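Given the structure is predicted, the values throughout are model-derived calculations rather than measurements. All residue numbers in this chain count up from 1 along the given sequence.
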Amino acid sequence: MKKTVFSIFITALLTASCSTDPTACFTINKGKDVKLNEEVQFNASCSEDADTYNWNFGDGATASGVEVKHKYTTEGTYEVTLTALNKGVSDQNKAKVIVTK
């Protein structure tokens, strides 16, 4: 009996210490062509095994969370970067957004 309990404890301990690396994935509700001052929603719910989501919108603005909103106030092409993190391991995904009048 003691051997079985010990074996179960070790298995549970080893399983708890294993973590899966995150995969960053996101969608943009307006597509990649955005109008100036239009609110755009970015959604990282397609990411896997992440517990923190950090966004860089390419225009100096940042945010954190699974779903975030942002408005671009200047025309141009911006690279949006999502960094998905889990226990110190990260993955990034990038997409270009073109902002026009």
Side-chain angles (χ1 to χ4, degrees):
M1 176 71 174
K2 287 183 182 180
K3 230 179 196 181
T4 303
V5 171
F6 181 73
S7 185
I8 292 170
F9 173 75
I10 293 298
T11 301
L13 184 62
L14 290 173
T15 303
S17 67
C18 296
S19 66
T20 305
D21 291 348
T23 302
C25 168
F26 67 94
T27 59
I28 306 168
N29 75 324
K30 299 292 182 181
K32 294 184 181 185
D33 294 314
V34 175
K35 297 293 181 194
L36 195 62
N37 293 312
E38 178 178 42
E39 185 172 79
V40 183
Q41 184 171 334
F42 298 87
N43 187 319
S45 62
C46 58
S47 295
E48 296 180 1
D49 301 315
D51 56 15
T52 304
Y53 304 87
N54 294 323
W55 299 88
N56 182 320
F57 299 109
D59 64 351
T62 60
S64 60
V66 175
E67 288 186 35
V68 297
K69 295 177 182 177
H70 182 64
K71 288 183 183 181
Y72 288 93
T73 59
T74 305
E75 289 182 272
T77 301
Y78 300 93
E79 187 171 71
V80 178
T81 304
L82 167 66
T83 304
L85 297 119
N86 182 0
K87 298 180 183 174
V89 178
S90 66
D91 185 45
Q92 287 189 334
N93 194 352
K94 299 178 181 193
K96 291 203 184 295
V97 172
I98 300 167
V99 180
T100 58
K101 284 186 183 180

To the closest 0.5 Å, what do you measure between OG (S45) and CD (E67)?
6.5 Å

Side-chain heavy atoms under 4.5 angstrom apart, residues restricted to Ile, Leu, Val, Met, Phe, Trp, Tyr: same cluster for I28 and Y53?
yes

Go through the side-chain N and O atoms of Q92 and T83 and say whether any donor and acceptor fall under 3.5 Å apart.
yes

Is any side-chain heavy atom of N29 closer than 4.5 Å to one of V40?
yes

Do side-chain atoms of D91 reach the backbone of A84 as a donor and acceptor pair under 3.5 angstrom?
no

Could I get the full list of salt bridge (Lys or Arg N to Asp or Glu O under 4.0 Å) partners for E39, not counting sequence neighbours?
K69

V34 with L36, same ILVMFWY side-chain cluster at under 4.5 Å
yes

Are N54 and L85 packed together at the side-chain level, in the sense that at least one heavy-atom pair is separated by less than 4.5 angstrom?
yes

Drop me the distance from K35's NZ to K30's NZ, to the nearest 0.5 angstrom.
11.0 Å

In short, T62 meets N56 closest at the heavy-atom pair CG2-CA, 4.3 Å

Once you round to the nearest 0.5 Å, how far does CZ of F26 lie from OG1 of T81?
7.5 Å

T73 side chain to N37 backbone, donor-acceptor under 3.5 Å:
no

K71/E38 ion pair, N-O < 4.0 Å
no

Hydrophobic clustering (ILVMFWY, side-chain heavy atoms < 4.5 Å, transitive) - are V66 and V80 grouped together?
yes

The single option from W55, Y78, F57 that satisfies ring pair (Phe, Tyr, Trp, His ring centres under 6.0 Å) with H70 is F57

Partners passing salt bridge (Lys or Arg N to Asp or Glu O under 4.0 Å) against K32 (at least two apart in sequence or in another chain):
none

What pair of heavy atoms forms the shortest contact from K87 to D51, and how long is it?
N-OD2, 4.2 Å

Straight-line distance of D49 CG to N86 CG, nearest 0.5 Å:
6.5 Å

Give me the atom names and distance for the closest heavy-atom approach of S47 to L82.
OG-CD2, 3.7 Å

Hey, does P22 have a side-chain heavy atom less than 4.5 Å from the side chain of V89?
yes

